Amino acid sequence: MTTTAVFTDLDTAFIEDFRTMSTFGATGKGGVDRQAATLPDGEQRRWLAGLLQERGFTVKFDRAGNQWGLFEAVSGAPYVVIGSHMDSQPTAGRYDGAYGVLAAAHAAFRLAAAWAKTGAPQPRYNIAVVNWFNEEGSRFKPSMMGSSVYTGKLALETALATTDAAGVSVQEALDAIGCRGDFGGPEAAYCAEIHIEQGRSMEREGVTIGLVSSNWAANKYEFVVHGEQAHTGSTVIEDRQDALLGASMLVVAARELANEFPGVLHTSVGQLSVYPNSPVVVPSRVNLLLDLRSADEAVLAEADSRLHRRIAEIEALANVSVEQHQSHSWPVTPYQREGVELAAKVAADLGLSNKAVMTLAGHDSTNMKDLVPTVMLFVPSVDGISHNEHEYTTDEDIVAGLAMLTEVANRLCQGVLEG
């Protein structure tokens, strides 16, 4: 990790902008609550638009709510897309996603200024800063919605019709904050994203830059456990069809699977919706989201098979029925080798310690790498804390990451991967 605290004026401006950005949806414990298409999300999008427009960028919203800052240096040429997302989980950290958007904006500012100098080498490709819509998936499912629409993995109509827990659709929510446009999105030539690691490995090893080589595979499910309402006091235990009991057994089953494959399988249940959620009523329905993740697809397949065998046992034990829908899934897929090698060379040229890592979490770049050659970068997370108000990355590391992203984007714009 970097140790110096001496920053240039450009670095200081970036840090100050990061502090300002973190005020939108700020929580009392130092985090943010800026879920997709909420008022705080709309406020920070307008702030970002102003920041981009002040530097000569054209700002557009596409039909799925993705926000684009476009700088055309070469008329008609495709774009190098750099960015991440600014939406958050409820009571989340300030860095997850948002750091990558602001770093992309400042990297693009630096490149545009460099290209404007007399006699400076001109790029082969233009630069586009993107703030992807609904990466987190906390308000609207699935996650990575905006990049899924852009890459053709999710139909626009399906995304816009998706509703939150209150029945508000994506289209209605985007219209309410004025962030649904008619832009189709720019033509991408390459993509790069920088993000906090959301783990401990880089901090533990004293590494400043993570070179993401691949993602873990994931199977995400939505289960609906059906039972029957009854009185919690008077209904005898043998007669109960307790949907919450069945859901609880699924939660435990997921954790037991992780224990059976230590270190190579992650499982979780992150959301439960209980109906009617009354203190004196045995629940008749529970919706829950359960996911399985592994870097080993054989392990994932075996764990998935064991989970589904366990479902039949749970239905019998809890006297319930379990309805299943696959919410989202993706395989282990590598980032393009030439992009990883480019990033390694840039890190070496800048004197930044680095190592190859895998990403356990999903990112918009995991969609983009299936469309164009994509570079994914990490900076360390202190104590590995993520999706938490205490999430933190040092100023030294976010500045080092900005320098790294700037030079990666520069070389992509110059077309170095094409020889």
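Please read all numbers here as calculations on a predicted model, not as lab measurements.
- Considering only heavy atoms from C-beta on, L412 comes within 4.5 Å of L342 through its side chain.
- Contact annotation: the side chain of P380 never approaches that of R204 to less than 4.5 Å [non-hydrogen atoms, C-beta and beyond].
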Should E16 and T20 be marked as a side chain to side chain donor-acceptor pair (under 3.5 Å) after you check the CA-CA gap, both sets of side-chain angles, and the distance that decides it?
CA-CA 6 Å; E16 289 175 353; T20 300; over 6 Å; no

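- Taking the side chain as every heavy atom from C-beta outward, E136 and H387 approach each other to under 4.5 Å.
- Residues Y275 and V286 have side chains not in contact (no heavy-atom distance under 4.5 Å, counting atoms from C-beta outward).
- Contact check on R94 versus E391 returns no salt bridge, with no Lys/Arg side-chain nitrogen under 4.0 Å from an Asp/Glu carboxylate oxygen.
- Side-chain contact between S214 and V332: present, with at least one pair of heavy atoms (C-beta onward) separated by less than 4.5 Å.
- The pair E313-R309 does not meet the salt-bridge criterion, since no charged nitrogen lies less than 4.0 angstrom from a carboxylate oxygen.
- For the residue pair E315/S321, the side-chain donor-acceptor check at 3.5 Å is not satisfied.
- Side-chain polar atoms of Y221 and D304 form a donor-acceptor pair below 3.5 angstrom.
- Residues Y99 and L402 share a closest heavy-atom pair of OH-N, 3.4 Å.
- Side-chain contact annotation: S201 with E205, donor-acceptor N/O pair under 3.5 Å absent.
- Between K345 and E341 no salt bridge is recorded (no basic side-chain N to carboxylate O distance below 4.0 Å).
- Panel note: side chain N354, backbone A347; no donor-acceptor pair is recorded below 3.5 Å.
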Could you give me the CA-CA distance, side-chain angles and deciding distance for D87 and H85, then say whether side chain to side chain donor-acceptor pair (under 3.5 Å) is met?
CA-CA 6 Å; D87 69 305; H85 64 95; 3.1 Å; yes

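- For the atom pair CG (L371) and OH (Y150), the distance works out to 6.0 Å, reported to the nearest 0.5 Å.
- A donor-acceptor contact under 3.5 angstrom links the side chains of T8 and D11, judged on distance only.
- Formation of a donor-acceptor pair under 3.5 Å by the S294 side chain with backbone atoms of L265 is not found in this model.
- A 6.0 Å sphere centred on CG of D349 holds more than 12 heavy atoms belonging to other residues, nucleotides or ligands.
- Note on R180 versus D62: no salt bridge recorded, every NZ/NE/NH1/NH2 to OD/OE distance being 4.0 Å or above.
- When all heavy atoms are compared, the tightest approach of G56 to F71 is O-CD1, 4.1 Å.
- A side-chain N or O of H106 and one of D17 form a donor-acceptor pair less than 3.5 Å apart.
- A distance of 9.0 Å separates NE2 of H363 from CE of M144, quoted to the nearest 0.5 Å.
- Heavy atoms only, all atoms of each residue included: S365 and M376 are closest at OG-SD, 2.9 Å.
- Side-chain contact between L288 and V225 is present, with at least one heavy-atom pair separated by less than 4.5 Å.
- Shown here for S138 and Q35, the closest heavy-atom pair between the two residues is OG-OE1, 3.2 Å.
- Summarising the geometry, atom CZ belonging to R110 is positioned 8.0 Å from atom CZ belonging to F14; distances are rounded to the nearest 0.5 Å.
- R19 CZ: more than 12 foreign heavy atoms inside a 6.0 Å radius.
- Note: I194 CD1 to I82 CD1 = 10.5 Å, rounded to the nearest 0.5 Å.
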S147 and N367: CA distance, side-chain angles, deciding distance, side chain to side chain donor-acceptor pair (under 3.5 Å) verdict:
CA-CA 6 Å; S147 60; N367 280 331; 2.9 Å; yes

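- Across all their heavy atoms, A403 and L350 have their closest contact at O-CD1, 3.8 Å.
- Side-chain contact between P123 and W115 is present, with at least one heavy-atom pair separated by less than 4.5 Å.
- No more than 12 heavy-atom neighbours from other residues, nucleotides or ligands sit within 6.0 angstrom of CG on D182.
- Looking at S353 and T208, their side chains do bring a donor and an acceptor atom within 3.5 Å of each other.
- Judged purely by distance below 3.5 Å, without hydrogens or angles, the side chains of E418 and Y125 pair a donor atom with an acceptor atom.
- With 3.5 Å as the limit, one finds no donor-acceptor pair spanning the side chains of T151 and D370.
- Using modelled atom types, one finds no donor on one side chain facing an acceptor on the other under 3.5 Å when comparing S381 with E197.
- A salt bridge does not link D291 with K141: none of the charged nitrogens is closer than 4.0 Å to a carboxylate oxygen.
- No donor-acceptor distance shorter than 3.5 angstrom exists from the side chain of R310 to the backbone of L250, with no hydrogens or angles considered.
- Rounded to the nearest 0.5 Å, atoms CD (Q336) and OG (S213) are 12.0 Å apart.
- Contact between P276 and V281 at its shortest, heavy atoms only, is CG-CG1, 3.5 Å.
- The shortest distance between side-chain heavy atoms of F133 and F140 falls below 4.5 Å.
- Atom-to-atom distance recorded for T91:OG1 and N388:CG is 8.0 Å, nearest 0.5 angstrom.
- Ring to ring, F61 and W68 are not that close: their centroids are 6.0 angstrom or more apart.
- Side-chain contact, E323 with H325: a donor N or O sits under 3.5 Å from an acceptor N or O.
- Remark: the backbone N or O of R34 is paired with a side-chain donor or acceptor of S88 at under 3.5 angstrom.
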